[in-house]
Amino acid sequence: MKTRKETDALGTVKVPANSYGGSFYERAHSTFKISSLRIPHSFKVALAWIKMSAAEVNADLGHLPKNMAKAIQTAGQEFIDGKFDEYYDLDVYQAGAGTPFNMTLNEILANRATELLGGKKGEYKVHPNNHVNMAQSSNDTIPTAIRLAALLELLPLMQNAEDLVKAFEKKAKKFEKMIKVGRTHLQDAVPVTLGQEFEAYASALERAMDRLDFAAPELGDLGIGGTATGSGLNTHPKFSEKMVKSLSKRMKLQLGFMNPFENSHSLGVFVSVSGCLRALSIELLRICSDLRLMVSGPEAGFNEIHLPEVEPGSSIMPGKVNPSVLECVSMIAVQVQALDQAIAFSATQGQLELNWYTPLVGWDLLHQIQILSNGMTLLRKDCVEGIEANEAHMKEVLGRSFAMATALAPHLGYHAVAEMVNTAKRTKTPFVKLVKKEHEKYLKLDELTRPNL
C-alpha cells in the first residue's frame, strides 16, 4: 500500500496515499479501538454545517480567501452525502472533548478542498487547523454539533410520538363503551372502560412530549465562537453572531446565543433533554407493562385484548405467541433510562473550563432519541393500531367480580356492603344476586365509570 508522510507535533506519521484523513485520524483510529459504535449521521451533518458556516463567515470577515471557503463548503456537502464515511469510522469511545471527531473532519475537508483547488492529498493548500478550523476549537464545535444533531433527531421523534398518541386516542374512541373490571394493587377495583385506559395512555404520552417541547428549545442556544475556554480568543468580534445566523439558515430554525464559557463548562441542557426522554421512556415502559397484562393468557391470564401476531412466540411450544413488540419497546425504555444515568454522571465531571465527556454524552443522547423514535413507530404500527378487544370475556369477568359493589356504599353504607361481599364470597354466590331489586338501579353499568351521585 502506498503511503505519504505527514508531520505533526508528535513527529512523522505514515498515512495511506489515498486517504482523506491525515496524521490525526491515523493516530486516533489506531489508538481508540474499543467498540463497533460509531457516531450517528446527524452529528456528522451538524459538525459539517459548522465547518461550512465557519468557512463562509471567515470569508465574509476577510480572514479566509473566498476560493478556499467555497472549496471547504463543497467538501463539507460531499462529506454530508457520505463520500468520506470510510475515513470517519471513529470509535465513540475516544479522547475527551471529541478532538478526534473535530480534527478528523478538519483533515478530510482540508484534503478534499486542496484537491478541488488543484492540489494533492497531504499537500494541505487548505490547512486543517489554519483554514478549516479557523476561529474554532473542539471545545466549542463538539457541544454545538451535539445540540444541532439532537434538534435534527428530535423532529422525527416528536412526529412519531404524536402519531402514537393519535393511535391510542383512536383506540380509546373505539373502546369507549367497553366496560371491564378496574384493578388497583392488581386486585379487582371499581369498573372502568377500556377506552378510559387507552385515553389515559394517550394523555400521559402527550404530557411527556409537552415536557420535551419545553426543554428542547434550549438546545438551540449556541456558544460557538468561544473557542478553547469560552473567551473567543482567535475569533473576530462578529464571528459568533454571524455563525448563529448562518447555522439558523442551514437548520431552518431560529437559533440563539448562550454564555460561551457555559458552553464548554456545562452539559446541563443535555441532562435536561435526556431527563425528558427518560420520563417518556418510563411512560412507555408502564404502558407496555399494562398491555402485556391485558393480553396475558389467553387461558391463564387477563385475556382482555388481542395483539397483532408478529412472530411465533416459542421454539418449543407450538402455537404460543408472545407480546414481542411490547417486549422490544420495554427493553428500549430500560436502555434509555440507563443512558440517562450515564449522561447525568458525565455532567458532573470535567473540571474548570471544560467538561470533556462530550463524546460519550453525544452518542448516548442521540442513541436515546433514535431508539425511542423507532420504538414508538414500531409500537404504533405493529401493536397499537392492530389491538382488538375481547369484549365478551371482559363482560364475563365483570359479572363475576365484586367490583361494582362500591356503587352501593353511598346508599347502603360501607359496612353493610362489605358484609354482602363477604357473604357472596363465602357462599360462592354472584354478588348481583344478593342485591335487592330496589337497589339494582345503582348498578347500571353505564353509570359505574363516571360520576354518578
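Within 6.0 Å of NZ in K320 there are more than 12 heavy atoms belonging to other residues, nucleotides or ligands. Within 6.0 Å of the CG atom in L186, the count of heavy atoms belonging to other residues, nucleotides or ligands does not exceed 12. Residue K177 qualifies as open at atom NZ: its count of foreign heavy atoms under 6.0 Å is 12 or below. The number of heavy atoms from other shown groups lying within 6.0 Å of CD (Q77) is above 12.
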Check the pair K121 / E107 against salt bridge (Lys or Arg N to Asp or Glu O under 4.0 Å), numbers first and verdict last.
-> CA-CA 10 Å; K121 300 183 193 73; E107 290 178 336; over 6 Å; no

Take D60 and F239 through the side chain to side chain contact (heavy atoms under 4.5 Å, CB included) test and state the conclusion after the steps.
-> CA-CA 10 Å; D60 288 346; F239 178 79; over 6 Å; no

K173 and E176: CA distance, side-chain angles, deciding distance, salt bridge (Lys or Arg N to Asp or Glu O under 4.0 Å) verdict | CA-CA 5 Å; K173 184 69 174 175; E176 65 181 346; 3.7 Å; yes

Under the side-chain hydrogen bond (donor to acceptor under 3.5 Å, both in side chains) criterion, do Y201 and D290 qualify, and how do the steps go?
-> CA-CA 10 Å; Y201 298 150; D290 279 4; 2.8 Å; yes

Verify side-chain hydrogen bond (donor to acceptor under 3.5 Å, both in side chains) between D140 and N263, making sure each step is shown before the conclusion.
-> CA-CA 7 Å; D140 65 346; N263 182 50; 5.8 Å; no

Where do L277 and L157 land on the side chain to side chain contact (heavy atoms under 4.5 Å, CB included) test, with the steps shown first?
-> CA-CA 10 Å; L277 296 172; L157 178 141; 4.2 Å; yes

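In this structure, R147 satisfies the cation-pi test against F270, with its NZ or CZ atom closer than 6.0 Å to the six-membered ring centre and inside 45 degrees of the ring normal. No cation-pi contact links R112 to Y87, judged by a cut-off of 6.0 Å to the six-membered ring centre and 45° from its axis.
A salt bridge links E304 with R183: the distance from a Lys NZ or Arg NE/NH1/NH2 to an Asp or Glu carboxylate oxygen falls below 4.0 Å. Between E56 and K249 there is no salt bridge, since no side-chain N of the basic residue sits under 4.0 Å from a carboxylate O of the acidic one. Between E162 and K166 a salt bridge is recorded (basic side-chain N to carboxylate O distance below 4.0 Å). By the 4.0 Å N-to-carboxylate-O rule, E197 lies close enough to K180 to be salt-bridged with it. Using a cut-off of 4.0 Å between Lys/Arg side-chain N and Asp/Glu carboxylate O, E6 and R4 are scored as salt-bridged. Between R286 and E283, at least one side-chain N (NZ, or NE/NH1/NH2) sits under 4.0 Å from a carboxylate O, which counts as a salt bridge. Electrostatic pairing of R27 and D8 counts as a salt bridge here, judged by a charged N lying under 4.0 Å from a carboxylate O. The existence of a salt bridge linking K381 and D163 is excluded, since no basic side-chain nitrogen approaches an acidic carboxylate oxygen closer than 4.0 Å.
How far CD1 of I343 is from OG of S272: 11.5 Å, rounded to the nearest 0.5 Å. One finds the CG atom of L64 at 8.0 Å from the CG atom of N67 (value rounded to the nearest 0.5 Å). Rounded to the nearest 0.5 Å, atoms CE (M178) and CG (L398) are 14.0 Å apart. Interatomic distance, CG of L164 versus CD of E206, reported as 11.0 Å (0.5 Å rounding). Rounding to the nearest 0.5 Å places OG of S36 at 8.0 Å from CG of D91. Distance check: N111 CG to N106 CG gives 11.0 Å after rounding to the nearest 0.5 Å.
Judged by distance alone, with hydrogens and angles left aside, the side-chain atoms of H265 form no donor-acceptor pair with the main-chain N or O of G230 at under 3.5 Å. The backbone N or O of F302 sits less than 3.5 Å from a side-chain atom of S296, completing a donor-acceptor pair. Under a 3.5 Å cut-off, the side chain of N133 and the backbone N or O of Q136 do form a donor-acceptor pair. At distances below 3.5 Å, at least one donor-acceptor pair connects side-chain atoms of T104 with backbone N or O atoms of P100. Using modelled atom types, no side-chain atom of Q187 and backbone atom of T184 make a donor-acceptor pair closer than 3.5 Å. Looking at S19, its side chain never comes within 3.5 Å of a backbone N or O of P16 through a donor-acceptor pair. A distance-only check finds no donor-acceptor pair linking the side chain of R380 to the backbone of E385 [under 3.5 Å]. With hydrogens and angles disregarded, no donor-acceptor distance shorter than 3.5 Å links the side chain of S401 to the backbone of V397. Side chain of S264 to backbone of E353: a donor-acceptor contact under 3.5 angstrom is found. Under the 3.5 Å distance criterion, the side-chain polar atoms of E123 are matched with a main-chain donor or acceptor of K120.
The closest side-chain donor-acceptor pair between Q370 and N374, if any, does not fall under 3.5 angstrom. Side-chain contact, Y20 with E115: a donor N or O sits under 3.5 Å from an acceptor N or O. If you check the side chains of D89 and H29, you find a donor sitting under 3.5 Å from an acceptor. Between K51 and N102, the side chains place a donor N or O and an acceptor N or O closer than 3.5 Å (distance only, hydrogens not considered). Between the side chains of Q337 and S281, at least one donor N or O sits under 3.5 Å from an acceptor N or O.
Contact check for R250 versus S53: side-chain heavy atoms found under the 4.5 Å cut-off. No side-chain heavy atom of L222 sits less than 4.5 Å from a side-chain heavy atom of M243. By the 4.5 Å heavy-atom criterion applied to side chains, I146 and L365 are counted as neighbours. Counting heavy atoms from C-beta on, the side chains of M376 and L280 come closer than 4.5 Å. Counting heavy atoms from C-beta outward, I287 and L205 have side chains that approach closer than 4.5 Å. You'll find the side chain of I371 reaches within 4.5 Å of the side chain of V336, heavy atoms only.
In summary, of the residues considered (I80, T74, I72), a side-chain contact (heavy atoms from CB on, under 4.5 Å) with M52 occurs for I80 alone.
The aromatic rings of F84 and F79 sit parallel to each other, their planes meeting at less than 30°, with 60° as the upper class boundary. By the 30° and 60° cut-offs, the orientation of the rings of F101 relative to F43 is tilted. The aromatic rings of F198 and F168 sit tilted relative to each other, their planes meeting at an angle between 30° and 60°. The aromatic rings of H131 and H127 stand perpendicular to each other, their planes meeting at an angle above 60°, with 30° marking the opposite boundary.
The shortest non-hydrogen separation linking D340 to S274 is OD1-OG, 2.7 Å. What you find for Q349 and N355 is that their closest heavy atoms are O-ND2, 2.6 Å. Here the closest heavy-atom approach between residue A403 and residue A189 is recorded as CB-O, 2.8 Å. The minimum heavy-atom distance linking T227 with S137 is given by the pair C-CB, 3.4 Å. For the pair D364 and A342, the tightest heavy-atom approach, listed with the atom from each and the gap, is OD2-CB, 3.4 Å. The nearest pair of heavy atoms linking S346 to L360 is OG-CD2, 3.5 Å.
Aromatic ring centres of Y25 and Y88 lie farther apart than the 6.0 Å criterion allows.
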